[in-house]
Amino acid sequence: MKRILMITLFSALFCGCGGGNNSEQVTTMGVVEFASTMVQKDVRLIDVRTSKEYAEGHLAGSENIDVKAADFAERIKDIKGKVAVYCRGGRRSLKAAEQLAANGCTVYNLDGGILAWQKAGKPIVK
């Protein structure tokens, strides 16, 4: 019985570590914290909305890589390091963040997206 318990415990530990969960590499943060993170020199800022949404207004210094585009995975495969991502409301950017984290990036996701950013009175660029 003790042996079965030990095997079960070790299996749970090993499945929990490296089982494809990248949540430790994705940090979802509010507007104030995101604003101070995105301007750091070693952080790449990516807007994962469509090009039409991006043209309507985006965060200064961001680049546009549409998470719904067929070539999204190809376009992000060489991105390394720290990345700050956002979308309209936070869902698409979380999806993108998980993919970037799977590539080894440390990712910061804007909670509430650009809608929360604007609600907080932060500037956008058109």
Side-chain angles (χ1 to χ4, degrees):
M1 184 66 168
K2 206 175 196 182
R3 184 175 178 186
I4 292 172
L5 181 60
M6 291 296 285
I7 290 171
T8 304
L9 180 63
F10 281 115
S11 296
L13 285 172
F14 286 114
C15 288
C17 300
N21 182 349
N22 298 307
S23 61
E24 66 277 356
Q25 291 177 295
V26 176
T27 303
T28 297
M29 53 181 59
V31 172
V32 173
E33 191 176 9
F34 190 85
S36 63
T37 300
M38 72 178 223
V39 296
Q40 294 175 11
K41 189 175 183 176
D42 62 341
V43 176
R44 188 168 175 176
L45 179 60
I46 302 175
D47 182 322
V48 299
R49 299 175 301 154
T50 66
S51 58
K52 181 181 177 195
E53 289 174 300
Y54 184 80
E56 291 170 353
H58 54 273
L59 305 188
S62 66
E63 62 183 291
N64 183 222
I65 306 176
D66 184 354
V67 71
K68 289 186 174 182
D71 66 343
F72 180 76
E74 180 66 26
R75 291 186 65 193
I76 66 165
K77 72 176 183 160
D78 294 326
I79 296 175
K80 301 293 179 214
K82 297 177 184 176
V83 183
V85 295
Y86 70 95
C87 63
R88 182 175 182 272
R91 290 185 193 145
R92 285 179 282 174
S93 58
L94 187 56
K95 178 182 174 185
E98 290 169 351
Q99 291 181 52
L100 286 158
N103 287 350
C105 296
T106 299
V107 189
Y108 307 100
N109 179 49
L110 176 57
D111 188 24
I114 198 166
L115 293 177
W117 183 267
Q118 290 175 299
K119 186 175 181 178
K122 297 288 189 182
I124 60 168
V125 177
K126 292 188 178 187

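By convention here, the first residue in the shown sequence is residue 1. All of these numbers come straight from a predicted model, not from anything done at the bench.
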Visitor: Can a donor-acceptor pair be found, under 3.5 Å and without considering hydrogens, that links the side chain of Y86 to the backbone of L59?
Guide: yes
Visitor: State, to 0.1 Å, how close V67 and Q99 come at their nearest heavy-atom pair, and which atoms those are.
Guide: CG2-NE2, 4.3 Å
Visitor: Ignoring hydrogens, what is the shortest heavy-atom contact between N64 and S51? Give both atom names and the distance.
Guide: OD1-CA, 3.3 Å
Visitor: If I take atom CG from residue L115 and atom NZ from residue K119, how far apart are they, to the nearest 0.5 angstrom?
Guide: 10.0 Å
Visitor: Over all heavy atoms of both residues, which pair between S62 and H58 is shortest? Give the atoms and the distance, please.
Guide: OG-CD2, 3.6 Å
Visitor: Output the distance between atom CD1 (I114) and atom CZ (R88), rounded to the nearest 0.5 Å.
Guide: 10.5 Å
Visitor: Keeping D47 on the side-chain end and R49 on the backbone end, is there a donor-acceptor pair under 3.5 Å?
Guide: yes
Visitor: Between I79 and C105, is any pair of side-chain heavy atoms under 4.5 Å apart?
Guide: yes
Visitor: Salt-bridge test for E53 and R92: reply yes if a basic N is under 4.0 Å from a carboxylate O, no otherwise.
Guide: yes
Visitor: Please examine the side chains of Y54 and I65, heavy atoms only from C-beta on, and report whether any two atoms are closer than 4.5 Å.
Guide: no
Visitor: List the atom of A97, the atom of V107, and the distance in Å for their closest heavy-atom pair.
Guide: CB-CG1, 3.5 Å
Visitor: Restricting to non-hydrogen atoms, name the atom on F34 and the atom on Y108 that form the minimum distance, rounded to 0.1 Å.
Guide: CE1-O, 3.5 Å
Visitor: When rounded to the nearest 0.5 angstrom, what is the spacing between CD in Q25 and CG in N103?
Guide: 9.5 Å
Visitor: Do L110 and V39 share a hydrophobic cluster (ILVMFWY, side-chain heavy atoms under 4.5 Å, transitive)?
Guide: yes
Visitor: Ignoring hydrogens, what is the shortest heavy-atom contact between C87 and V48? Give both atom names and the distance.
Guide: CB-CG2, 3.8 Å
Visitor: Using a cut-off of 6.0 Å, state whether more than 12 heavy atoms not belonging to K68 lie near its atom NZ.
Guide: no
Visitor: Please name all residues satisfying side chain to side chain donor-acceptor pair (under 3.5 Å) with T28, sequence neighbours left out, ordered by chain then number.
Guide: N109
Visitor: Could you tell me whether the side chain of V83 reaches within less than 4.5 Å of the side chain of I76, counting heavy atoms only?
Guide: no
Visitor: Kindly compute the distance separating CG (D111) from CG (L94), expressed to the nearest 0.5 Å.
Guide: 9.5 Å
